[in-house]
Amino acid sequence: MECKIAVIRGDGIGPEIIDAAIGCLDAVARRFGHTFRYSFPPMGGAAIDATGVPLPQETIDDCLRSDAVLLGAVGGPKWDNLAGHLRPEKGLLNLRSALGLYANVRPAVLYDQLRAGSPLKPAIAKKGVNIMVVRELTGGIYFGPRGYRDGKNGQEAYDTEVYSIAEIERVAKIAFDIAMGRRKKVTSIDKSNVLETGRLWRATVNKVAKSYPDVRVEHMLVDNCAMQLVKEPSQFDVMLCPNMFGDILTDEAAMITGSIGLLPSSSLGATKLGLYEPIHGSAPDIAGQDIANPIATILAAAMMLSSSFSLIQETTAVERAVNVILDKGYRTLDISETGNKKVSCSKMGELIALEILNS
Ligand code: NAD
């Protein structure tokens, strides 16, 4: 198979973790006989320095001509004082919208080898955490009408939550499709006891569920879900969330797995062109030191192999290689404990790539 991948290295640790991920993709290409052609369009701070804007039109065009987009991370103190529309992070928001990406998919997996690093009680962590959170990305309160107005007690601000049936349906279908390849359970999160959008969300999810008779659907209020995530996270398979609830719950889900450096995410839309990235930012505090954990970006590349290219065996090879290297006790600084073999970012990438080649 031949695929074109737009690789956005980004800022801070972005170039370091991307190099490690490309090493692993090259290993997949050699081991399974594929050709991955890369282009390196700029975005974020690097694009601001080169062109004056965080997302040049050429970058959008390059991504649209590609089969998938792999991103490191953008942002850093150098660009913090720019106006909102010129900041690096705005480039990412605009890219997601230019590519029509309306669902963010984030696994939260607690690796057995790293259980001790989870803030969960050992008895709870022992039952395991393997959740796929599907978050609606382009609707809801972050995009509804907003502003300031004069109220009876002086000036007030307002934001509005708006969801259409079509917006809920399309993201729900992604959640149900993913559940079909997993443990066949969708937990849909809302606040239907208070919000009209919550009631529409629940009714629409129930309607979509009728097309997936093999998938068990369960509804949970968001406040209860926040509690259940730390009380009994093993009950969740696929979690389907509106935009703001997903924003909050994905951070909670990431935290219970112990390290931000391990978790990938993908943003998906109506086509196979997805955007794959680690959940963390550009970590300017450790940039340029070759100590970042590249595993989240390597696993983001693995998500790309399955979601955009349908290369399931190859995805398994990457995920297996990560597990083997963790089993052998190799750790980057962020997950290192006494008795482990501490390695650099580039070394971790090399070890995983070698394991893919030799598996
Ligand atoms: P961050 O995720 O970059 O870092 C938070 C902490 O986690 C830091 O201590 C960092 O050293 C550590 N960390 C992050 N990734 C790591 C890795 N792979 N290995 C080891 N340690 C890691 O969050 P922040 O400090 O709040 O943000 C820094 C910059 O990144 C900001 O400019 C922010 O806007 C941007 N950001 C970008 C994205 C993105 O590109 N998708 C996402 C979040 C934040």
Side-chain angles (χ1 to χ4, degrees), residues 6-21 24 41-49 54-55 59 63 69-97 99 101 104-106 111 114 117 119 135 137 142 246-248 250-251 253-255 257-267 274-301 303 322 325-326 330-337 340 342-349 352:
V7 180
I8 299 174
R9 290 181 187 277
D11 311 311
I13 59 170
E16 302 163 47
I17 53 180
I18 282 289
D19 281 352
C24 293
M43 193 184 78
I48 295 170
D49 289 351
L55 180 62
T59 295
C63 292
V69 182
L70 181 66
L71 165 70
V74 294
K78 182 176 175 191
W79 306 281
D80 272 354
N81 296 322
L82 293 174
H85 68 290
L86 283 178
R87 285 180 57 120
E89 296 81 359
K90 187 68 182 163
L92 181 53
L93 291 180
N94 288 347
L95 183 63
R96 284 181 181 145
S97 129
L99 302 185
L101 305 173
N104 185 251
V105 181
R106 272 191 191 191
Y111 286 86
L114 305 175
R135 165 189 167 197
L137 205 54
Y142 292 169
D247 192 7
I248 298 164
T250 45
D251 270 26
M255 189 57 222
T257 68
S259 171
I260 199 170
L262 289 171
L263 300 180
S265 93
S266 62
S267 299
L275 171 77
Y276 303 86
E277 57 181 317
I279 67 158
H280 58 74
S282 59
D285 53 334
I286 57 168
Q289 299 175 43
D290 197 19
I291 57 171
N293 188 341
I295 291 180
T297 317
I298 291 169
L299 291 174
M303 285 184 96
V322 168
I325 294 305
L326 289 175
Y330 293 105
R331 303 282 189 272
T332 42
L333 185 62
D334 56 315
I335 50 174
S336 162
E337 287 169 42
N340 292 142
K342 199 158 58 161
V343 291
S344 64
C345 174
S346 50
K347 185 71 187 170
M348 181 60 99
I352 296 170

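Both counts, for ligands and for their atoms, begin at 1 and track the order of listing. The figures here come from the full heavy-atom set of this structure, side chains too, leaving out hydrogens, waters and symmetry mates.
For N81, the CG atom sits in a loose shell: 12 or fewer heavy atoms of surrounding residues, nucleotides or ligands are nearer than 6.0 Å.
No side-chain heavy atom of L262 sits under 4.5 Å from any side-chain heavy atom of V322. Two residues are said to be in side-chain contact when any heavy atoms from C-beta on lie closer than 4.5 Å; I17 and H280 meet this criterion. With contacts defined as side-chain heavy-atom distances shorter than 4.5 Å, the pair S282/V74 does not qualify.
The immediate protein surroundings of ligand 1, defined as residues with any heavy atom under 4.0 Å of it, consist of I13, A73, V74, G75, G76, E89, L92, I260, G261, E277, H280, G281, S282, A283, P284, D285, I286, A292, N293, D334.
Shown here for P278 and A296, the closest heavy-atom pair between the two residues is CB-CB, 3.6 Å.
For the pair K78 and D49, the salt-bridge criterion is met [side-chain N within less than 4.0 Å of a carboxylate O].
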